[in-house]
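Scope of the values below: all heavy atoms of this structure, side chains included, with no hydrogens, waters or symmetry mates. The shown structure was predicted, so the numbers you read here are calculated from the model rather than taken from an experiment.
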Amino acid sequence: MTSPVKDSLEHQLKALLPRGRVLTSAAQLAGYGADGLGYKNHLPDAVVIPADAEELAGFMQGARALGVPVVMRGAGTSLSGGPVAAQGGVIVHTSALKKIREINTEGFWCEVECGVGLNDLDAALKPHGVFYPPDPSSGPVCTLGGNVASNAGGAHCFRYGVTSNYVLGVEAIMLDGSVHRFGGPAGGRGPWREDWKRFMIGSEGTLAAFTRFWLRLLPLPEKVWTFRATYPDMKTTEAAIHALVAHSSYPAAIEMLDPRGVAMVESSQMACGLPEGSFMLLVEIDGPEALVNARVESVAEILRHAGSQDVMFSDEDALRQKLWKARKASGGLLGQLSPSYVVQDAVIPKRALAEVLQLVYDEADAANIRAVNVFHAGDGNLHPNFLFDSRVPGELEKVEFISKRLMQRVIDVGGTLSGEHGIGNDKSAYMPLVFGPDSMRLQLAVPATFNPAHQMNPLKVFDNRHFIA
Amino acid sequence: MNVFPPMQHERLFVPFLDEVDGTLCLPANATAADVHAQARAHRLRFPLLLDEAKTLREQIAATTHAPASCRFGPYCDNILGMNWRLPSGRIARIGERVVKTTTGYDWLRFLLHSGSRYGEPVDYVLRLRPDCGFTAIGRFDGDTKALRSCVSKLLHSGWMHWWDAVDYVTEGRASFVRVMIHCVPEQAPIFAQQLEHVAASTGTQLKLQNNVPPPLDGLPDLVIKTTPDRAIGLSLELAHAARRCVALCYSGVVHVYMNESDDLTERTQALVQPYTAELHTLGGDWHSRWLPATPPTITESAWLNTLEEAIHEH
């Protein structure tokens, strides 16, 4: 079905970009309606695929004149409703900007375009003996543009930190087509008085289009040990977590799967013999061989001392992958078990883990909604997954009600809404819980500075960000 | 439509120490000694300190990095939140008390090293680290080539993550490499063995001092941020006009300590001037309490006007 307005937009976009780089048919647009969340669908009016930064700059300039919302999108794996056209408009798919432009091992940095896949970068870095630490579970698919836009994290954040710890510089194109470099290989301010890249990282496509990044690298660890332990209850699991985070071995990862997650894995083809009703901890330490080998027994002892009867650990790749199996399988299984799911991303002080998890169980059980918890326990970064069917009237509303209660409690115990997924349009309604009148004014001043009409990714981060042409 | 109504008050931080998360909220005018006093009782430490007597606020205003940034990153990765006094006198909460967040725009990192242009810090929330009970400092001596090789060996291996600091220190015409170790006492021999291996393979002489406090260099007069591979060279070039230069090798930062004189502003300006184009190209920068902030460009001025309206609004 066409309309005069859409025909006109298509005609104008084709004047900005070559044929074949402007998609407008229903079949072409269907794949761009949702992100990793899946249940909220917003079809764009068009998708453009610029070949390079120059073409993107030309498009940005033209888009401002066209007066349509502009939404940047990498692989679309976001879990917050970020790279979707919530107010219609044009999605800019960055799949063609995928060059790794330089790897500088002496300076511990690399320069990459925004469409480079995370795991593709890892593969390119490995022969050089260096790595880029952030490791969201979407690594095989996601792009660095999406990672920087959402300040992505991953399983190994506890020691290594998140994306913002590794971004040295950002090249950004504003809606007037101007291209700016904030920082660079040295990671400072560059010629600017202020460090503007700080606002760009984690801005979820609401300020500018990113084209390339300079990223900090670390030497690859020589040796990795993976541990798996199960516990009968949350209290003993929490004791193990508290002891691990204070331990001198500095675990790289401390991950947890709750009994509902364990049951999900054990009733699938991915079953790996976890005891029924158990909480599973997955821990990883890495470092120089002599040092990390000296720490193995002390980590195992922490896990045993907290109450685990079945601590398993290995430094062999094949065995380590088996230990990781349940943790990694859980993400994929969630999508198979339920037509829809919402995953929350709150971060809480770790002393409140048991209390907040109990709230998740109580609320979900009362609403007859299935909840599975698989998360980054070392960071206190919860990922309660609420499984439901968005086609059943009232189910989504129940999940939203639970999420509302959960977020209120998260803030009450001193936590925050999102640790690594971003706000998107999934959590924007909860932002008034976080920001008081002064801090809210500061927050809204940032998009007002770079994108005052909210043409870039409207209705995201703050839900009053409407674009009015 | 919002689920929650707008909040009427700021959720300000109140001083706390959370020994499970390893977080500590205390006034910005607290000193290193204040931090130690609170953290040590819980076998925790804040490794990014430069001066025992200066306040946290003075240290963070002086530089973005400390020697232990080699392992733990810059101040902005180790300060999680702030209570921030706006020019109006009102206090806003910036950041969080938890170790990771992507909730909203990152005002914390933007404001942290902005001097007093947009107000001032009232309280900081620090991320503490486990105090493992043993600190040692290794000093490598040798000629410039051997010392450069030594730094390369220290950084280009899996050990790099575990050195608290790898610094190239130049005083007058003499240089040495300083490595700081922090670990549990029983693992100290493993660290010592690796340092001895580095010394043997680079032709440098190692002196290891066990159970010594971390080095406190004091607040630098000039800080230059460049790339890690440029830091030592830059440090050697600047050393002729300084009392002391400390290159924080992995961070790519040079801390310059000047001889005292009445013309520090002019001398610091003259020292930086030859490097401004290079630093701009690399996306680096410089900072000194003796120099005014870099004037904004026309584009930047426009952005600043909008931000400052929000900051100054009552």
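- For a residue to count as touching a neighbouring chain, one of its non-hydrogen atoms must lie under 4.5 Å from one of that chain's; by this rule B:Thr281 touches chain A with the backbone only.
- Partners of A:Phe108 by ring-ring contact (aromatic ring centres under 6.0 Å, His included), not counting sequence neighbours, listed by chain and number: B:His156, B:Tyr250.
- For chain B, the nearby part of A:Trp109 is the side chain; its heavy atoms alone come within less than 4.5 Å.
- Using a 4.5 Å cut-off between heavy atoms, A:Leu220 contacts chain B through its backbone alone, with no side-chain atom that close.
- Below 30°, between 30° and 60°, or above 60°: for A:Phe199 and A:Trp196 the angle between ring planes is between 30° and 60°, a tilted geometry.
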Side-chain donor-acceptor pairs of residues 185-194 of chain B under 3.5 Å, sequence neighbours excluded:
{"from": "B:Gln187", "atom 1": "OE1", "to": "A:Arg295", "atom 2": "NE", "distance (Å)": "3.0"}
{"from": "B:Gln187", "atom 1": "OE1", "to": "A:Arg295", "atom 2": "NH2", "distance (Å)": "3.2"}
{"from": "B:Gln194", "atom 1": "OE1", "to": "B:Trp159", "atom 2": "NE1", "distance (Å)": "3.4"}

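- Only the side chain of A:Glu204 has a heavy atom closer than 4.5 Å to any heavy atom of chain B.
- Only the side chain of B:Tyr118 comes within less than 4.5 Å of a heavy atom of chain A; its backbone N, CA, C and O stay farther away.
- Contact count against chain B (heavy-atom pairs under 4.5 Å) is highest for A:Tyr250 among A:Tyr250, A:Phe435, A:Tyr430, A:Phe158.
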Throw together a table of side-chain donor-acceptor distances under 3.5 angstrom for residues 165-172 of chain A, partners on residues two or more places apart or in other chains.
{"from": "A:Asn165", "atom 1": "OD1", "to": "A:Val162", "atom 2": "N", "distance (Å)": "2.9"}
{"from": "A:Asn165", "atom 1": "ND2", "to": "B:Asp77", "atom 2": "OD1", "distance (Å)": "2.8"}
{"from": "A:Asn165", "atom 1": "ND2", "to": "B:Asp77", "atom 2": "OD2", "distance (Å)": "3.2"}
{"from": "A:Tyr166", "atom 1": "OH", "to": "A:Tyr160", "atom 2": "O", "distance (Å)": "2.5"}
{"from": "A:Glu171", "atom 1": "OE1", "to": "A:Thr211", "atom 2": "OG1", "distance (Å)": "2.4"}
{"from": "A:Glu171", "atom 1": "OE1", "to": "A:Arg212", "atom 2": "NE", "distance (Å)": "3.4"}
{"from": "A:Glu171", "atom 1": "OE2", "to": "A:Arg212", "atom 2": "NE", "distance (Å)": "3.0"}
{"from": "A:Glu171", "atom 1": "OE2", "to": "A:Arg212", "atom 2": "NH2", "distance (Å)": "2.9"}

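- For residues 104-114 of chain B, the interface with chain A (any heavy-atom pair closer than 4.5 Å) comprises B:Gly104, B:Tyr105, B:Asp106, B:Trp107, B:Arg109, B:Phe110, B:Ser114, sorted by residue number.
- In terms of heavy-atom pairs under 4.5 Å with chain B, the best-connected choice from A:Leu442, A:Val461, A:Ile201, A:Asp286 is A:Leu442.
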